[in-house]
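Reading through the structure tokens given below for one structure.
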Amino acid sequence: MASSREPWLLENGNLKGLSKEIRHGRTAHNMSSSSLRKKSHLTLVSKVPCRKLRQFLANLQEVILGTKLSVLFPAIPLAIVADCYGFARPWVFALSLLGLTPLAERVSFLTEQIAYYTGPTVGGLLNATCGNATELIIAIFALSQRKIDVVKYSLLGSVLSNLLLVLGTSLFCGGIANLRLEQKFDRRQADVNSLLLLLALLCHSLPMLFRMSGASDAVTVDPILQLSRASSIVMLIAYLSYLIFQLFTHRQLFEAQEESDNDENGGGGEEEPGFWSGFIWLVGMTAAISLLSEYVVQTIEDASDSWGISVSFISIILLPIVGNAAEHAGAIIFAFKNKLVWH
């Protein structure tokens, strides 16, 4: 009977009964990273006599072991120990990068769980904000330490890795795996994403072209600064407009793919954390990302000198791959399943 279930089971039961309306807080980032999740078996946990302890162990098992990247979690305490005991800085950098990979995927999972309780609007905004939490936190720490080049290189690397590496690998793998099938994608979503990309390219190009116009730096430095600030405001407004487009005005464009995702996963039968437990886990994961991001920013130059690799290469190649590893892997997996529209 339902009345005999534990509260954390009832929370999961309520999730099954939520209407389709509530599920629209999901974003493409969450749908991609969901392919890296695995079901947790709670047979042993259910035998624990203490209810509070049983609830805690169930959430711990679902959050920590509910991903195929769980094997990388030991890198988090190892990075902290390496920093505290004065290990070589390249070791701290490498362990921090490994630890950031599962944390980025788990943040995506937790924001999706919280979205079930907050509704589509708040959930969608939360997902869109936290989807790139790792890159955002690394950029904030790099800016605070005046490492502007690291910020620029990491942003450039994120764009290139998504456009070239992930898209190219997805199309290639999807084509090989589905030789006799026609790969389809939603033209309307592709048009919107292409227009946003062109707008971003224009906003980035205008200050650069103004600087290359031939005038002296003394004359152009202040106008370039003002133009850069205006371009950043335009890009921010365009991003907010896209959120409104996805969550309100044209929500129906995203309905079919989300319904198919829910049907394929069987409606999400695994036990999932409730709102407050998910919120606490999200705060803890974000704190861990902040700590490891600080380690990365502090040790990136030492790792560059020790490995003989330039800071620009590490920032363009390694940092974006770590920050979006779950999303990249999910996109390739969906391509194998002939679902190009999802990434």
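Being a predicted model, the structure only gives us computed values, none of them experimental.
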From [X] [atom1] over to [Y] [atom2], what is the distance, rounded to the nearest 0.5 angstrom?
X: E294; Y: I138; atom1: CD; atom2: CD1; answer: 12.0 Å
X: F141; Y: I300; atom1: CZ; atom2: CD1; answer: 14.5 Å
X: F109; Y: I114; atom1: CZ; atom2: CD1; answer: 10.0 Å
X: L103; Y: L72; atom1: CG; atom2: CG; answer: 10.0 Å
X: L318; Y: S161; atom1: CG; atom2: OG; answer: 11.5 Å
X: D149; Y: S315; atom1: CG; atom2: OG; answer: 8.5 Å

Nearest heavy-atom pair of [X] and [Y]: which atoms, and what distance?
X: G157; Y: P320; value: C-CG, 3.4 Å
X: L282; Y: L110; value: N-CD1, 3.6 Å
X: V296; Y: S96; value: CG2-CB, 3.6 Å
X: L292; Y: A79; value: CD2-CB, 3.9 Å
X: K147; Y: Q298; value: NZ-CA, 4.1 Å
X: L98; Y: A75; value: CB-CB, 3.8 Å

message: Please check this pair: side chain of T169 against backbone of V166, looking for a donor-acceptor N/O pair closer than 3.5 Å.
response: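 Looks like no, no N/O pair under 3.5 Å.
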- prompt: Is a donor on one side and an acceptor on the other found under 3.5 Å between the side chain of T299 and the backbone of D302?
  reply: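 Answer holds: no.
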- prompt: Other than V81, which residues form its hydrophobic cluster under the rule that side-chain heavy atoms must be closer than 4.5 Å?
  reply: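 Y85, F87, listed by chain and number.
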task: Any chance you could pull the hydrophobic cluster mates of I176, using side-chain heavy atoms under 4.5 angstrom and chaining through other members?
output: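 F172, which link up through side-chain heavy atoms under 4.5 Å apart, make up the rest of the cluster.
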message: Applying side chain to side chain contact (heavy atoms under 4.5 Å, CB included) to N193 and Y242, what does each step give before you reach the verdict?
response: CA-CA 9 Å; N193 293 332; Y242 174 69; 3.8 Å; yes
message: Let's go through L143 and V150 carefully: what are the C-alpha distance in whole Å and the side-chain angles of both, what is the deciding distance for side chain to side chain contact (heavy atoms under 4.5 Å, CB included) to 0.1 Å, and is it a yes or a no?
response: CA-CA 9 Å; L143 285 175; V150 174; over 6 Å; no
query: Cut-off 3.5 Å, side chains only: do E135 and S158 have a donor facing an acceptor?
result: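 Note: E135 and S158 side chains meet the donor-acceptor criterion.
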Would you call [X] and [Y] a side-chain contact if the rule is heavy atoms closer than 4.5 Å?
X: F313; Y: W307; value: no
X: R89; Y: E301; value: no
X: P207; Y: S231; value: yes

- prompt: Quick one: are the ring centres of W91 and Y295 less than 6.0 Å apart?
  reply: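 Centroid distance W91-Y295: not below 6.0 Å, so no.
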query: Where does the angle between the aromatic ring planes of W276 and F279 fall among parallel (under 30°), tilted (30 to 60°) and perpendicular (over 60°)?
result: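 Judged by the thresholds at 30° and 60°, the geometry between W276 and F279 is perpendicular.
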- request: Going by the side chain to side chain contact (heavy atoms under 4.5 Å, CB included) test, name the single residue among I148, L155, L156 that passes it with K152.
  value: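 Considering I148, L155, L156, a side chain to side chain contact (heavy atoms under 4.5 Å, CB included) with K152 is found only for I148.
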Contacts under 3.5 angstrom, residues 196-203 side chains, donor-acceptor by atom type, not counting sequence neighbours:
none

